[in-house]
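A short worksheet on the structure shown next.
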Amino acid sequence: MGGIQANDYTNLRNSIKQTGQVTQIVQQVATKLKVKPQRVLINATQLNNTTNLLVKTPKGYFRLLFSEDGTQFVLEKIQLSHPEIKIQED
């Protein structure tokens, strides 16, 4: 039983860390694009090696391309083939 609780604690700690990382990314994107962070929408709340982050802002849609070590990113403006995307909030 103690092993399960320790595992749950580790998962919670990792989730909080990743949420903080996503928050920092949103703030960096907002700064680069000169928009308010509240106007930046992102398609993930956690990061992993396979996550392709897509961002919607008043200035359009962007894809984040991360460096190999994941410490830096480049914003690439993209065109959506089906721009009638519905934004679903929790």
Side-chain angles (χ1 to χ4, degrees):
M1 194 64 136
I4 293 172
Q5 290 176 345
N7 190 32
D8 289 345
Y9 172 75
T10 301
N11 289 341
L12 177 62
R13 190 179 65 205
N14 288 340
S15 178
I16 290 169
K17 180 180 176 185
Q18 288 183 349
T19 300
Q21 291 171 336
V22 171
T23 301
Q24 288 177 353
I25 289 169
V26 167
Q27 290 173 342
Q28 290 173 2
V29 168
T31 300
K32 286 182 184 228
L33 296 176
K34 297 182 174 118
V35 298
K36 293 180 181 181
Q38 298 85 350
R39 302 292 311 262
V40 176
L41 303 175
I42 196 163
N43 72 329
T45 57
Q46 294 187 7
L47 301 175
N48 61 45
N49 292 339
T50 61
T51 300
N52 291 316
L53 292 182
L54 299 177
V55 178
K56 179 183 178 188
T57 73
K59 296 189 177 187
Y61 291 90
F62 296 84
R63 176 172 48 189
L64 275 70
L65 304 171
F66 287 91
S67 62
E68 286 186 28
D69 63 2
T71 59
Q72 298 177 11
F73 65 86
V74 172
L75 281 172
E76 177 183 46
K77 190 162 187 172
I78 59 173
Q79 294 287 332
L80 299 180
S81 57
H82 298 286
E84 301 86 27
I85 293 176
K86 292 182 181 178
I87 304 300
Q88 192 170 6
E89 297 184 31
D90 291 336

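For the single chain, residues carry numbers from 1 onward in sequence order.
For the ring pair (Phe, Tyr, Trp, His ring centres under 6.0 Å) test, residues two or more places apart in sequence or in another chain that qualify with Phe73 are Phe66. Scanning for side-chain hydrogen bond (donor to acceptor under 3.5 Å, both in side chains) contacts around Arg39 gives an empty result, with sequence neighbours left out. For Glu68, there are no salt bridge (Lys or Arg N to Asp or Glu O under 4.0 Å) partners two or more places apart in sequence or in a different chain.
Among all heavy-atom pairs drawn from Val26 and Pro37, the shortest one is CG1-O, 3.8 Å.
Under the 3.5 Å distance criterion, the side-chain polar atoms of Lys59 are matched with a main-chain donor or acceptor of Leu33.
Here the side chains of Leu53 and Ile42 are in contact, with some heavy-atom distance below 4.5 Å. Counting heavy atoms from C-beta on, the side chains of Ile78 and Leu54 come closer than 4.5 Å. At a threshold of 4.5 Å between non-hydrogen side-chain atoms, the residues Tyr61 and Val55 do not count as touching.
Expressed to the nearest 0.5 Å, how far CD of Gln72 lies from CD of Gln28 amounts to 9.5 Å.
Open room surrounds CD on Gln79; 12 or fewer heavy atoms of other groups in view lie less than 6.0 Å from it.
Residues Phe62 and Val35 fall within the same hydrophobic cluster, defined by Ile, Leu, Val, Met, Phe, Trp and Tyr side chains chained together at heavy-atom separations under 4.5 Å.
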